[in-house]
Amino acid sequence: MKKYTVGIIGATGMVGQRFALLLANHPWFEVKVLAASSSSAGKKYKDAVRRWQLAEPMPEAFADMVVMDATADREKIAAQVDFCFCAVNMPKNEIKALEESYAKLECPIVSNNSAHRATPDVPMVIPEINADHLSVIAAQKERLGTRRGFIAVKSNCSLQSYVPLLHPLKKYGIKCAAVTTYQAISGAGKTFETMPEIVDNIIPYIGGEEEKSELEPLKIWGEVKDGAIVNADGPVITAQCLRVPVSDGHTAACFVSFENKPTKEQILEAWNNFSGEPQALELPSAPRQFIHYFVENDRPQPRLDRTTERGMAVCAGRLREDNLFDYKFIGCSHNTLRGAAGGAVLLAELLAAKGYFD
């Protein structure tokens, strides 16, 4: 695989910092540009980052890199890289405009942001589940008038803790599902130091999260038709999303009913045998075993299990029959790895392997 030069737009935030860690020694991607807001532009990365929020230290290779202005320096940035990752903290309409402007400069964007997730010709991809949606990029390029510029996005971080567990069971006809997610504070870009109100507490509201949790799976399970992704009609999903005092790792309590109820053994077999294109292509960030099932009654736990397979696996446990739904189970995934930067890097690897950056 050839080496691709990349930029990180929004490099100073928590997800941008995670991108920096993941890309510091990546076998395919070489970071050439770090970009952020005008207040950070012109500073060395180590000075622009107000607070390094991750346990691992800042990569030395990036410490003295001068941060560019993500908006004002767009043409300079686009000229230096093969594509960019984007994780900016801006109003949604400004993010949409910024990402499209890069695409129109023939710089593909792999986005962690939610701004374009509902755009019909922008693929929102969990690489193991709907890699085929990348085919819509051709229609997007036609709309944008580009030769190689496009936008691809990853889904909401909380989806990773239950959608990959539901997906292998769709063959049994999922009628409906109910999910409650218990979401780590890093999902809000916070630490316990910067979010003291979460200590000894649960906050039962995360703005926009429940709508995303209910609707985004329908796009992931949709189909490409006439140059757009048409959402699936179902299954119906209802969600509640809580912020909990956990540093990293989103947990989901999921309930599900089927048209053709499988046995517990059939569900476990479907999870154990499930894999996708990242595994077939042996992408660098792909977990060898996508879904890990724990037989212990007190697993999975974020603190114990979020880093399974370098944080790129999805963990499951407590599968049992329910007296209202057919089954219930617990899911868990690392929200800034599988759920955010790591998922975007895996998506970029898939795009690279399929020639979308060439």
Would you say [X] and [Y] are hydrophobically clustered, going by side-chain heavy atoms of ILVMFWY under 4.5 Å?
{"X": "V81", "Y": "W28", "result": "no"}
{"X": "I267", "Y": "Y162", "result": "yes"}
{"X": "L215", "Y": "I129", "result": "no"}
{"X": "I151", "Y": "Y356", "result": "no"}
{"X": "F357", "Y": "V33", "result": "no"}

Revision key, fill the gap. For F294, the ring pair (Phe, Tyr, Trp, His ring centres under 6.0 Å) test, sequence neighbours excluded, returns none

Could you state the interatomic distance from [atom1] ([X]) to [atom2] ([Y]), rounded to the nearest 0.5 Å?
{"X": "C254", "Y": "K328", "atom1": "SG", "atom2": "NZ", "value": "12.0 Å"}
{"X": "H167", "Y": "N130", "atom1": "NE2", "atom2": "CG", "value": "8.0 Å"}
{"X": "I291", "Y": "S333", "atom1": "CD1", "atom2": "OG", "value": "11.5 Å"}
{"X": "T307", "Y": "R310", "atom1": "OG1", "atom2": "CZ", "value": "11.5 Å"}
{"X": "S257", "Y": "D322", "atom1": "OG", "atom2": "CG", "value": "7.5 Å"}
{"X": "Y4", "Y": "L351", "atom1": "OH", "atom2": "CG", "value": "10.0 Å"}

With a 4.5 Å cut-off on side-chain heavy atoms, are [Y] and [X] touching?
{"X": "D47", "Y": "V67", "result": "no"}
{"X": "R306", "Y": "L337", "result": "no"}
{"X": "Q80", "Y": "M68", "result": "yes"}
{"X": "C107", "Y": "R74", "result": "no"}
{"X": "V256", "Y": "D326", "result": "no"}
{"X": "P59", "Y": "L21", "result": "yes"}
{"X": "F29", "Y": "V31", "result": "no"}
{"X": "C241", "Y": "H250", "result": "no"}

Do you know which two heavy atoms are closest between [X] and [Y], and how far apart they sit?
{"X": "E214", "Y": "L218", "answer": "O-CG, 4.0 Å"}
{"X": "F329", "Y": "L166", "answer": "CZ-CD2, 4.0 Å"}
{"X": "E128", "Y": "F274", "answer": "O-CZ, 3.6 Å"}
{"X": "I109", "Y": "C86", "answer": "CG2-CB, 3.9 Å"}
{"X": "G16", "Y": "Y45", "answer": "O-OH, 4.2 Å"}
{"X": "C332", "Y": "P300", "answer": "CB-CG, 3.8 Å"}

In the hydrophobic clustering (ILVMFWY, side-chain contacts below 4.5 Å, transitive), which residues join [X], or is it alone?
{"X": "L324", "value": "F255, F325"}
{"X": "I203", "value": "I185, F192, M195, I198, V199"}
{"X": "I202", "value": "Y182, L242, V244, V246"}

Practice item. List the steps and the verdict of side chain to side chain contact (heavy atoms under 4.5 Å, CB included) for L346 and R338. Key: CA-CA 9 Å; L346 183 62; R338 166 54 74 165; 3.8 Å; yes

Check your understanding: So, R143 and E100, do they make that salt bridge, N to O below 4.0 Å?
Key -> yes

Does the [X] side chain pair with the main chain of [Y], one donor and one acceptor, at a distance under 3.5 Å?
{"X": "E277", "Y": "L350", "answer": "no"}
{"X": "H334", "Y": "M312", "answer": "no"}
{"X": "D82", "Y": "T5", "answer": "yes"}
{"X": "Q240", "Y": "T180", "answer": "no"}
{"X": "K264", "Y": "L319", "answer": "yes"}
{"X": "T146", "Y": "E106", "answer": "no"}
{"X": "H133", "Y": "G222", "answer": "yes"}
{"X": "R320", "Y": "Y327", "answer": "no"}
{"X": "K219", "Y": "I229", "answer": "no"}
{"X": "E309", "Y": "G311", "answer": "no"}

May I ask you to check whether [X] and [Y] show a side-chain donor-acceptor distance below 3.5 Å?
{"X": "Q183", "Y": "T181", "value": "yes"}
{"X": "E209", "Y": "N156", "value": "yes"}
{"X": "E216", "Y": "S155", "value": "no"}

Check your understanding: Can you list the steps and then say if R18 with E56 is a salt bridge (charged side-chain N to carboxylate O under 4.0 Å, His left out)?
Key -> CA-CA 9 Å; R18 182 65 74 182; E56 305 92 331; 3.7 Å; yes

Exercise for review: Apply side chain to side chain contact (heavy atoms under 4.5 Å, CB included) to A340 and list each qualifying residue two or more places apart in sequence or on a separate chain.
Suggested key: V15, N112

Point to revise | Counterpart residues, side chain to side chain contact (heavy atoms under 4.5 Å, CB included), relative to E142 (two or more places apart) | key: none

[atom1] of [X]: more than 12 outside heavy atoms within 6.0 angstrom?
{"X": "K225", "atom1": "NZ", "result": "no"}
{"X": "D200", "atom1": "CG", "result": "no"}
{"X": "D226", "atom1": "CG", "result": "no"}
{"X": "N93", "atom1": "CG", "result": "yes"}
{"X": "E259", "atom1": "CD", "result": "yes"}
{"X": "K43", "atom1": "NZ", "result": "yes"}
{"X": "R50", "atom1": "CZ", "result": "no"}
{"X": "E75", "atom1": "CD", "result": "no"}

Practice item. Let me see the working for K261 and E321 under salt bridge (charged side-chain N to carboxylate O under 4.0 Å, His left out), right down to the final yes or no. Key: CA-CA 11 Å; K261 182 180 176 181; E321 292 194 62; 2.5 Å; yes

Point to revise | Step-by-step side chain to side chain contact (heavy atoms under 4.5 Å, CB included) determination, T191 to M14 | key: CA-CA 10 Å; T191 64; M14 181 178 279; 4.0 Å; yes

Check your understanding: Given the rule in the side chain to side chain contact (heavy atoms under 4.5 Å, CB included) test, do D358 and K2 qualify, once you have shown the distances and angles that lead to the verdict?
Key -> CA-CA 10 Å; D358 298 331; K2 63 174 280 190; 3.9 Å; yes

